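Written out below as structure tokens is the structure these notes cover.
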Amino acid sequence: MEGQTVANVIVRERRLRWPVPTEIDQLLPGQKINSLSRRAKYLLFETDAGTAMLHLGMSGSVRIIDVDEPAAKHDHVDVQLESGKALRFRDPRRFGSLLWAPDPLEHELLRNLGPEPLSKQFDGDYLWQKSRGRRVSIKQFIMNASVVVGVGNIYASEVLFLAGIHPKRQAGRIAADRMTLLAATIKSVLERAIAAGGTTLKDFYGGDGEPGYFQQQLEVYGRDEESCNRCKSEISLIVLGQRSTFYCKYCQR
DNA sequence: CGCTGACCCTGACGGC
DNA sequence: TGCCGTCAGGGTCAGC
């Protein structure tokens with residue numbers, strides 16, 4: 001889409017996580033997409049008039065189609081291009097969002113986000129400093145986007161297993177050297193997952209239309225009652241902050 | 001300010 | 001076959 005011009009925007013359903021603002025259909029048509037980028041899990045489509053911010057939520061997806069392809073159920077938005085192709089956004093659960101901002105990094109939802117996990121500024125020292133005095137569990141801590149972005153529920157469990165840290169351990173009670181290991185493990189898990197094309201549990205497909213393969217490398221996620229690859233004991237399942245959490249009670253302290 | 005739990009919504013699946 | 005309860009990979013927000 002980069003460098004292409006928007007011909008028209010069709011909004012069939014405005015009721016997403018937040019209502020789709022009229023700027024999307026009023027201002028986007030006629031604009032050239034200067035660049036595509038990303039901050040946290042928001043996809044950013046930058047134009048001279050402003051930036052469209054797209055979040056896929058839990059069940060959202062986008063794909064490139066011919067403009068005349070009939071819309072199916074849950075196909076909420078089409079961004080039609082002058083080329084005759086369109087970006088089609090589908091989201092059955094409507095937890096996703098499509099917003100508009102003159103300056104996205106100053107948008108209320110982006111301005112207080114923590115660092116990107118693969119950036120240089122995200123390291124053990126940062127995690128250690130940020131966590132002092134915090135009593136919340138380390139798993140909820142690393143899933144908190146104001147601490148660090150990009151660590152979702154699958155990777156949080158995986159990271160903590162590989163770092164040998166119990167998911168319920170209070171964030172503020174983890175020593176600096178373990179935080180260094182934790183930050184490095186977050187980076188390596190995300191890098192490996194990206195290299196594998198992501199994790200396809202049931203219906204995730206990457207931008208290339210291919211499923212991911214990282215699920216074949218999962219150590220604990222979804223493996224409750226199966227045996228730990230390291231010590232052979234049974235993987236445990238608990239709920240932390242309403243999210244399923246998998247871990248080995250012998251390998252993680 | 002930090003933390004917890006409720007909530008947003010649809011579809012898939014298992015048990016009966 | 002159908003109904004009901006449960007669960008799902010994300011994230012925000014009110015209220016304490």
Side-chain angles (χ1 to χ4, degrees), chain A residues 12-20 38-43 53-62 71-77 89-99 101 104 107-114 117 127 129-161 167-174 186 189-190 192-194 196-207 210-225 237-246:
Chain A
R12 300 184 191 83
E13 176 59 82
R14 306 195 97 87
R15 298 173 303 166
L16 304 182
R17 179 67 176 79
W18 289 278
V20 176
R38 176 193 62 75
R39 173 72 172 109
K41 292 179 182 174
Y42 288 89
L43 309 176
M53 304 163 42
L54 178 66
H55 196 296
L56 300 179
M58 294 268 264
S59 57
S61 63
V62 282
K73 196 174 182 182
H74 306 308
D75 287 343
H76 304 314
V77 181
F89 174 59
R90 172 180 298 179
D91 187 7
R93 293 179 73 180
R94 290 191 271 124
F95 286 2
S97 56
L98 179 56
L99 299 169
H107 190 280
E108 209 48 45
L109 294 171
L110 297 195
R111 63 187 309 184
N112 294 319
L113 292 177
L127 269 186
Q129 291 236 1
K130 188 91 175 169
S131 61
R132 292 312 90 181
R134 303 290 291 270
R135 306 188 60 178
V136 72
S137 76
I138 187 61
K139 188 200 180 221
Q140 288 167 289
F141 185 73
I142 61 174
M143 288 182 69
N144 181 341
S146 68
V147 173
V148 58
V149 302
V151 182
N153 199 40
I154 298 174
Y155 301 130
S157 282
E158 292 301 300
V159 160
L160 292 172
F161 172 82
K168 286 178 79 170
R169 178 162 293 278
Q170 289 181 15
R173 298 183 56 191
I174 294 176
I186 287 173
V189 165
L190 293 179
R192 285 169 47 219
I194 290 166
T199 303
T200 296
L201 296 178
K202 51 184 295 195
D203 55 10
F204 167 78
Y205 294 90
E210 297 295 318
Y213 292 97
F214 193 71
Q215 64 276 12
Q216 295 171 6
Q217 298 179 58
L218 294 178
E219 298 281 352
V220 289
Y221 188 89
R223 298 192 63 239
D224 54 307
E225 298 182 11
L237 168 58
I238 58 173
V239 175
L240 283 182
Q242 352 275 92
R243 314 301 293 276
S244 294
T245 303
F246 302 85

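Please read all numbers here as calculations on a predicted model, not as lab measurements. Atoms considered below: every heavy atom in the structure, side chains included; atoms not considered: hydrogens, waters and symmetry mates. Chain A is the first sequence line, chain B the second, and so forth, proteins listed ahead of strands; every chain is numbered from 1.
Ranking C/dA8, B/dT4, C/dT12 by closeness to the A/Met58 side chain, first place goes to C/dA8. Of the candidate nucleotides B/dG11, C/dG11, B/dC3, B/dG11 has the atom lying nearest to any side-chain atom of A/Lys73. Checking C/dG10, B/dG11, C/dC13 against every side-chain atom of A/Trp18, the shortest atom distance belongs to C/dC13. Among the nucleotides B/dT10, B/dA12, B/dG5, the one closest to the side chain of A/Lys202 is B/dA12. Proximity note for A/Tyr221 (side chain, C-beta onward) versus C/dA8, B/dA6, C/dG11: the nearest is C/dA8. Looking at the side chain of A/His55, the nearest of the listed nucleotides C/dG11, B/dA12, B/dT4 is C/dG11.
Residue-level contact check: A/Asp203 touches the bases, meaning some heavy atom is under 4.0 Å from a base atom. Within 4.0 Å of A/Thr199, counting heavy atoms only, lies at least one base atom of the nucleic acid. If you check every strand for non-hydrogen atoms under 4.0 Å, A/Arg243 touches a base. When heavy atoms are screened at a 4.0 angstrom cut-off, A/Leu109 is found touching the sugar-phosphate backbone but no base atom.
Under the stacking criterion of a centre-to-centre distance below 5.5 angstrom and an interplanar angle below 30°, A/Phe95 is not stacked against the six-membered ring of B/dC9.
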Legend entry - Secondary structure string for DNA chain C (Watson-Crick or G-U under 3.5 angstrom, | for other-strand pairs): .|||||||.|||||||
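Judged by distance alone, with hydrogens and angles left aside, A/Arg93 brings a side-chain donor or acceptor within reach of the base of B/dC9, the pair sitting under 3.5 Å.
Between A/Phe214 and A/Ile194, the closest side-chain pair of non-hydrogen atoms is not below 4.5 Å.
A gap of 22 Å separates the C1' atoms of C/dG9 and B/dT4, to the nearest Å.
Two residues, A/Arg17 and A/Tyr205, neighbour DNA chain C, and the one matched to the more 5' nucleotide by heavy-atom proximity is A/Tyr205.
With rounding to the nearest 0.5 angstrom, the CG atom of A/Leu98 is 10.0 Å from the CG atom of A/Leu43.
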